[in-house]
Amino acid sequence: MPRRAQSGVRPAHWLGLIIILAVIGGGGYALMHRATDPMTGVTELNADEFLENATALGDNIYKVEGIVDDRLDKWRSTDGRLFSVQISDGSGSTFVPVWVPPDYQGANIQRGQRYVFKVRVQENGVLEVLELLKV
C-alpha cells in the first residue's frame, strides 16, 4: 500500500501565523494608543529668556511642562492660586510662577504632579494659565 502525503499544518506555518498576528495586533495597539500633543503649534517657553526679562515676553502665549512644586498659601483664594512650577531643560531646573485665575474650571492641580500648561505672560512676569493637562 502506498503512503499518503501528510496534509497537516507544519510547525513553521504556525510560527509564521503567530508572528503575523503579533505584528498586526501590536501595530493596531500602537495606532490606537498613540500620544498626540493637544497643544501643537504653541511655542515652548525658554526658561533662560523668561528669567532674563519676563516683562519683554508680555502677552505672548507659551507651553510649559513641569512639576508643581508648591502653592503660595498666603495668597487669597478669591484672587486665584499661585504655584511654583519646576521646569527642566538642557541647562538644569528652573522654577517659574504660574497663576491660576479664580474662574478657571479645568483640572485640579496637585503638588508633585507633572502638567503641561498653556500660559500667557502677564505684564508683571507671572504666567497665567489658559489650559492645563496632567501628563
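This chain uses plain numbering: 1 for the first residue, then up along the sequence.
Side-chain atoms of Val64 and Leu127, non-hydrogen and from C-beta on, do get closer than 4.5 Å to each other. Inter-residue side-chain proximity for Leu82 and Val98 is flagged as unmet; no heavy-atom pair is nearer than 4.5 Å. Residues Phe117 and Val68 have side chains in contact (heavy-atom distance under 4.5 Å, counting atoms from C-beta outward). When side chains are defined from C-beta on, Val119 does not count as touching Leu45, because their heavy atoms never get closer than 4.5 Å. Here the side chains of Thr94 and Phe50 are not in contact, with every heavy-atom distance at 4.5 Å or above. For the pair Ile67/Val85, no side-chain contact is recorded, criterion being any heavy-atom separation below 4.5 Å from C-beta on. Counting heavy atoms from C-beta on, the side chains of Phe83 and Asp70 never come closer than 4.5 Å. Side-chain contact between Leu133 and Lys118 is absent, with no heavy-atom pair separated by less than 4.5 Å.
If you take CG on Asp48 and CD on Glu52, they are separated by 8.0 Å, rounding to the nearest 0.5 Å. We find the CG-CG distance between Leu72 and Asp79 to be 11.0 Å, quoted to the nearest 0.5 Å.
Judged as a side-chain contact (heavy atoms from CB on, under 4.5 Å), and not counting sequence neighbours, the contacts of Phe95 are Asp69, Ser84, Gln86. Residues satisfying the side chain to side chain donor-acceptor pair (under 3.5 Å) test with Asp103, not counting sequence neighbours, are none.
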For the pair Thr55 and Asn53, evaluate side chain to side chain contact (heavy atoms under 4.5 Å, CB included) and give the outcome as yes or no after the intermediate values. CA-CA 6 Å; Thr55 56; Asn53 192 2; 3.0 Å; yes
Between Glu65 and Arg114, is the side chain to side chain contact (heavy atoms under 4.5 Å, CB included) condition met? List the steps. CA-CA 7 Å; Glu65 182 174 348; Arg114 179 175 291 279; 3.5 Å; yes
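In the hydrophobic clustering of ILVMFWY residues, with side-chain heavy atoms under 4.5 Å counting as a link, Leu57 and Ile61 come out apart. A chain of hydrophobic side-chain contacts below 4.5 Å, direct or via other Ile, Leu, Val, Met, Phe, Trp or Tyr residues, connects Val135 to Leu130. Note on Val116 and Val121: separate hydrophobic clusters, where clusters join Ile, Leu, Val, Met, Phe, Trp and Tyr whose side-chain heavy atoms are under 4.5 Å apart, directly or indirectly. Linking Ile, Leu, Val, Met, Phe, Trp and Tyr whenever their side-chain heavy atoms come within less than 4.5 Å puts Tyr104 and Tyr115 in one cluster. By the rule that hydrophobic residues join a cluster once side-chain heavy atoms approach within less than 4.5 Å of another member, Leu51 and Val126 end up as members of separate clusters.
In terms of heavy-atom proximity, Ser93 sits nearest to Ser88 at OG-OG, 3.4 Å.
A donor-acceptor contact shorter than 3.5 Å is absent between the side chain of Trp99 and the backbone of Gln122.
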